[in-house]
Amino acid sequence: MQKFFSSRKLVIVVICLIVSFGLMSLSVAIRDKRSTPPLVQQFGNDIVGFADQIVAAPMNGIHHGFVSTKNLLNTYQENQRLKSKVDQLTQTQVKDQVLSRENKQLKRQLNVGSTLTGYEKINAAVITRTPSSWASQVIINKGQASGIKKDMPVIAGPGLIGTVAEVNKTNSKVVLISNTAENSNRFAIQVLGDNSKVVNGIITSYDSAANRIIMGNITSNAKLSVGNRVTTSGLGGVIPKGIYVGTVSKVTQDDYGLAKKVYIKPAANLNDIEVVSVAIRD
């Protein structure tokens, strides 16, 4: 009797295997001929998908929990760093205000009057920037009525972006420092080199491929390093001194090997100009 039951179990197992392989073959054959899977396959897919959701839900919850914790820690650390920078900025602003008041008092006491660094700002908005002249000019909504004159420097964000080239009653045209024309934006700038030595020169051209201002006409032999700050020198007569231009990114020799050629990374983002300030010299 026991042998009979064991044989019957074996027969049942064999039959189940045959039926399973038959259903699989039938499913594959039907699947190749139909755009939708058969009912049995749909039922199996639904069961597998439901089980996968049950298993994946807690795992995704744990993963998102770890990610959220990590982001929270990163946010806390970044917040601490930003707090320290805000404190430094506040101290710098206070110091700048104190030095500015002291400078004005000394000027009055010494009867010096206006200097190269004295200027005020007129804020304006960019109203026109066409794709055909994207890298060469913008139109702002302030003109003669606001006291703007030709050749005044224009600032956007942290640094200089160009000069006023044409003034109308209510708007002005600004030529950008990225303008590659030969006669545009050739104003005097200076680099505070190593050992606090000042190197003077002028903007001679612009490298559009590398997004770099090129400074030439340098006669000084003072050493310049990458990262040295570049500002306007005020020697041109119209542009005030001390407006931030950018930082030195590379120093080479000119085509004749007689003078230095300095590549400057602009401080301002020339592709994102919406609000500007026109510097009016005192």
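In this chain, residues are counted from 1 in sequence order. Since the structure is predicted, the reported quantities are computational estimates derived from the model, not experimental observations.
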| Between Asp151, Ile202, Ile243, Ile177, which is the residue that forms a side chain to side chain contact (heavy atoms under 4.5 Å, CB included) with Phe187? |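 With Phe187 as partner, side chain to side chain contact (heavy atoms under 4.5 Å, CB included) holds for just one option, Ile177.
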Residue pair [X] / [Y], side-chain heavy-atom distance below 4.5 Å:
| X | Y | answer |
| --- | --- | --- |
| Val198 | Leu192 | yes |
| Tyr206 | Leu270 | yes |
| Val191 | Ile189 | no |
| Lys241 | Thr231 | no |
| Val278 | Ile140 | yes |
| Asn211 | Pro266 | yes |
| Leu235 | Asn200 | yes |

Treating [X] as the side-chain partner and [Y] as the backbone partner, does any N or O pair qualify as donor plus acceptor under 3.5 Å?
| X | Y | answer |
| --- | --- | --- |
| Asn179 | Leu176 | no |
| Asn269 | Asn271 | yes |
| Ser249 | Tyr263 | yes |
| Ser233 | Gln190 | no |
| Ser277 | Ile155 | no |
| Lys261 | Ile214 | no |

| query | Got a second to check how far Ile139's CD1 is from Thr128's OG1, nearest 0.5 Å? | reply |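 Rounded to the nearest 0.5 Å, the CD1-OG1 separation comes to 6.0 Å.
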| message | Are there over 12 heavy-atom neighbours, none belonging to Arg229, within less than 6.0 Å of that residue's CZ? | response |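 Open.
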| Which residues satisfy the side-chain contact (heavy atoms from CB on, under 4.5 Å) test with Ala145, sequence neighbours excluded? |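 Ala145 satisfies side-chain contact (heavy atoms from CB on, under 4.5 Å) with no residue once adjacent residues are dropped.
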Taking all non-hydrogen atoms of both residues, which atom of [X] and which atom of [Y] are closest, and how far apart?
| X | Y | result |
| --- | --- | --- |
| Lys150 | Ala165 | CE-O, 3.4 Å |
| Ile273 | Ala156 | CG2-CB, 4.3 Å |
| Ile280 | Ser146 | CD1-O, 4.5 Å |
| Gly162 | Val174 | C-CG1, 4.3 Å |
| Val230 | Tyr244 | O-CD1, 3.5 Å |

| said: Starting from Leu224, can I reach Ile213 by hopping between I/L/V/M/F/W/Y residues whose side chains sit under 4.5 Å apart? | reply: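 Linked, Ile213 and Leu224 end up in one cluster.
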